[in-house]
Amino acid sequence: MFAAMTLVTLGAVGTYLYLSLATELREQDDEELVTTVEAARHRLLETATIQEIRDKPYVFRNLASQRENLVLVLRTLDGETLLAVHAPSAPLPASPPVPGGTPFTDNGLHDWQTGEGTPSRAGVATGRLSNRIDQVEIIVALTSGERATVLRNYRARVVEASLAGALAAALLGMLLARAGLRPLRRLAADAEAVTVNRLQTRLNAKAAPFELQELVTSINGMLDRIEDGFQRLTQFSADVAHDLRTPISNLLGQSQVALSKPRSAEEYQALLASNVEEFERLARMVENMLFLARADNAQIALKTENIDGGRELDSIAEYFFGMAEDRAVSIKVCGRAIGADSGESRIQLLADPSLLRRALHNLLANAIRYTPPGGTICLDAERRAGEVFLSVSNPGPGIEAQHLPHLFDRFYRADPSRSDSAFSAGLGLAIVQSIARLHGGRAEVESHPGETTVFRLVLPVVGEAAGATGGARKAVQP
Amino acid sequence: MRILVVEDEPKTGDYLRKGLTESGYVVDLATTGRDGLFQASEGGYELVVLDVMLPGIDGWEVIRELRKTSETPVLFLTARDEVEDRVRGLELGADDYLVKPFAFAELLARVRTLLRRGPVRELEHIEIADLSIDVLKRRVTRQEHRIDLTPKEFTLLHLLARRQGEVLSRSQIASQVWDMNFDSDTNVVDVAVRRLRAKVDDPFSLKLIHTMRGMGYVLEVRA
């Protein structure tokens, strides 16, 4: 491709040079012919009679004898040839002669071919003798055999040079491209080295040429994210397996112990009931994991309704009322249940009631778990800047800052020794976040150790919600 | 009442037959789609419990064929609860579906609902032993003693009384009383039942609300 382009370019340049040379040569020839005619006319004027021309032909002969392809013929108007220098045997050029009084220019010249077919330039003019009566026809021609040879050679050389140039350019181009692509090739080799087992491999940005550095950096960024996601996925599988182990081992162990010798009916019942509890735990875990997987793929159909945020908080508080009281914890729906930026007394939001309830349930269950006896959990709904904040804050030891960014990760436990996986198996907050995202919102946490911890479910407000959750809802299958 | 269970997994089939038989139904078990379709078409069943994943012809195919000749109610059992699956099952004419794993009490409740002919008339007044519930006035008495209940406690008692003799699972109770339609990992239901018992049962010698360990709660008069 590159070679072809070079060839075309060189060819065009060569053709141009060739044509201008051809024109130049012709103009030189024409000038010589004009000069010859003018010189012949001049000498005729110094000649008295036609007989004088016959007697002293050398006067005219030397006008043309120097150039062997310059044809000069002098003829009387009757057609008698007085002088012929280098004249071809075949027909002479013929054209209406330029009259003696008119200056001879290259307009009087025309293309002509000799009998042998040599392209030439030729012209015919008349010249007067000194008696101003007798006239002689001057026929000049310049057979351009020489010119043609020059041009032919030149043409051949142009073609040769073009071809050679194209070839050289192609070779050079190839070498250059090869050298230029070497960093790319290295990158390709690096990229090939990235496998599932070696995701930590990165492309070398320093080795890449300047133009590619941005690309390499963003590819590395992509690899970072993939590695991170992949690691979390791997970790997730490991966590799942680990969390399945405990209930399975309980089931296996207690059943085998029970079967090792005959027992009373009550003992068997107790065993089976205990097994049922473990199975329920397993079923819940599977259900939660499935929920998260579907939320990730936006496979959960949202059945959104207009919901009164305050009322929703009341009803979740009512649900947990007994359980909280058992733990000497109180739940208050407090604070600004009044829209901060509007006169509305109710906080309306557009959400799937069952999912919203599930998210609030997980937040509140979590809060009750970590609130010391005597503490008060505060539920709050407020509206700020086009968003509804449903918050659950509880007093307690709080969560260290290092854990906060991971709290919504699956199976993440701030306290790894805490193995009461009967509770949520570390999926509760991940589900809260999934539900928030399904609604086009987000989940937030803020903790002041020793004071309070606040979890917030942030959802777009009704009205704005239509646009804000549109994307999320479009992704959802009907 | 005769129920046909079409289920290829032996353990599932066994416990379904056993559990439903013990609940007072006459149960036949078919282990392939072909057998199930044949037996169901023969007629004589009030309900078909149909597993979706079957060898040979699957549950979808069975119900498609069955619906050409019979209107017998069909309860689908499936381990997949993708939305499309549910929609497909219901479109093909299934009357209800249940996703595995399910609580047996839940299955029993669904079976009872499907077998109940016609709309259920809500009783305005429920009398169980010395317990009396006036649904309209939301008033509860035992042995002429008025018992004060919170609204949720009343709803819970009403639910148990309405379905007396039926074991209600925790998730059924959470769903009916609090509209919580997912399995909670908390003991909220147990706490609520305990509080209800403190008011309804504790002061009296005859206990009405019973714990079915591993299954749920039931309100009934036990000798």
Side-chain angles (χ1 to χ4, degrees), chain A residues 266 269-288 290-291 294 297 299-301 303 312 315-316 318-327 352-355 357-362 364-366 368-369 420-425 427-428 431 435 476-478, chain B residues 11 15 19 78-88 91 98-106 149-156 167 169-199 211-216:
Chain A
E266 287 75 28
Q269 278 177 2
L271 166 76
L272 287 175
S274 159
N275 280 0
V276 167
E277 279 164 20
E278 292 296 315
F279 288 132
E280 282 175 343
R281 185 201 291 190
L282 284 174
R284 215 158 31 229
M285 234 178 90
V286 170
E287 202 279 324
N288 283 340
L290 213 52
F291 179 91
R294 287 207 191 116
N297 297 325
Q299 272 188 355
I300 292 174
K303 298 184 200 78
E312 206 55 45
S315 79
I316 196 78
E318 191 177 28
Y319 176 75
F320 279 108
F321 169 74
M323 187 180 142
E325 209 175 66
D326 272 13
R327 294 177 170 235
D352 183 312
S354 141
L355 293 182
R357 223 161 279 157
R358 185 170 186 164
L360 290 173
H361 166 277
N362 289 359
L364 198 48
N366 206 52
I368 292 175
R369 202 167 302 147
D420 57 345
S421 57
F423 291 117
S424 322
L427 292 176
I431 287 177
I435 290 174
V476 165
Q477 303 192 354
Chain B
K11 283 194 177 184
Y15 92 76
T78 169
R80 295 161 57 90
D81 65 335
E82 313 292 330
V83 180
E84 307 95 278
D85 281 11
R86 300 183 198 185
V87 171
R88 187 171 172 199
E91 270 176 355
L98 207 48
V99 178
K100 294 178 184 175
F102 49 80
F104 188 74
E106 181 81 28
L149 297 178
T150 66
K152 287 293 173 195
E153 282 167 349
F154 180 84
T155 311
L156 175 57
V167 179
S169 69
R170 286 173 183 78
S171 60
Q172 275 175 293
I173 293 173
S175 164
Q176 302 260 343
V177 177
W178 290 278
D179 203 11
M180 289 289 200
N181 297 307
F182 58 93
D183 271 340
S184 169
D185 52 6
T186 62
N187 61 348
V188 166
V189 172
D190 304 291
V191 172
V193 171
R194 201 181 66 229
R195 287 168 165 263
L196 180 65
R197 270 176 168 166
K199 290 180 178 176
T211 307
M212 302 292 286
R213 246 202 110 180
M215 289 183 76

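In what follows, every chain begins at residue 1, and chains take the letters A, B, ... in the order their sequences are listed. No hydrogens, no waters, no symmetry mates; every other heavy atom, side chains included, goes into these values. As the structure is a computational prediction, the values presented were derived from the model and not from experiment.
Residue contact with chain A, scored on non-hydrogen atoms closer than 4.5 Å, involves the side chain of B:Arg195 exclusively. Neither the backbone nor the side chain of B:Asp190 comes within less than 4.5 Å of any heavy atom in chain A. Neither the backbone nor the side chain of A:Gln269 comes within contact range of chain B; no heavy atoms are under 4.5 Å apart. For A:Ala270, the parts lying under 4.5 angstrom from a heavy atom of chain B are both the backbone and the side chain. Using a 4.5 Å cut-off between heavy atoms, B:Ser171 does not touch chain A at all.
Between chain A and the residues B:Asn187, B:Asp179, B:Asn181, B:Val189, the largest count of heavy-atom pairs under 4.5 Å involves B:Asp179. In terms of non-hydrogen atom pairs under 4.5 Å with chain B, the most contact-rich of A:Val276, A:Asn275, A:Ile316 is A:Val276. The most heavy-atom pairs under 4.5 Å with chain B, out of A:Ser315, A:Ala365, A:Ala273, come from A:Ala273.
Seen from the ring of A:Tyr319, A:Arg357 does not count as a face-on cation partner, given the 6.0 Å and 45° thresholds.
When the salt bridge (Lys or Arg N to Asp or Glu O under 4.0 Å) test is applied to B:Lys199, the partners found at least two apart in sequence or on another chain are B:Glu153. Residues satisfying the ring-ring contact (aromatic ring centres under 6.0 Å, His included) test with B:Phe182, not counting sequence neighbours, are A:His361.
Expressed to the nearest 0.5 Å, how far CG of A:Asp326 lies from CD1 of A:Ile368 amounts to 10.0 Å.
Remark: A:Arg281 engages A:Glu278 in a salt bridge, criterion side-chain N to carboxylate O under 4.0 Å.
Looking at every heavy atom in both residues, A:Ile435 comes nearest to A:Leu355 through CD1-O, 3.3 Å.
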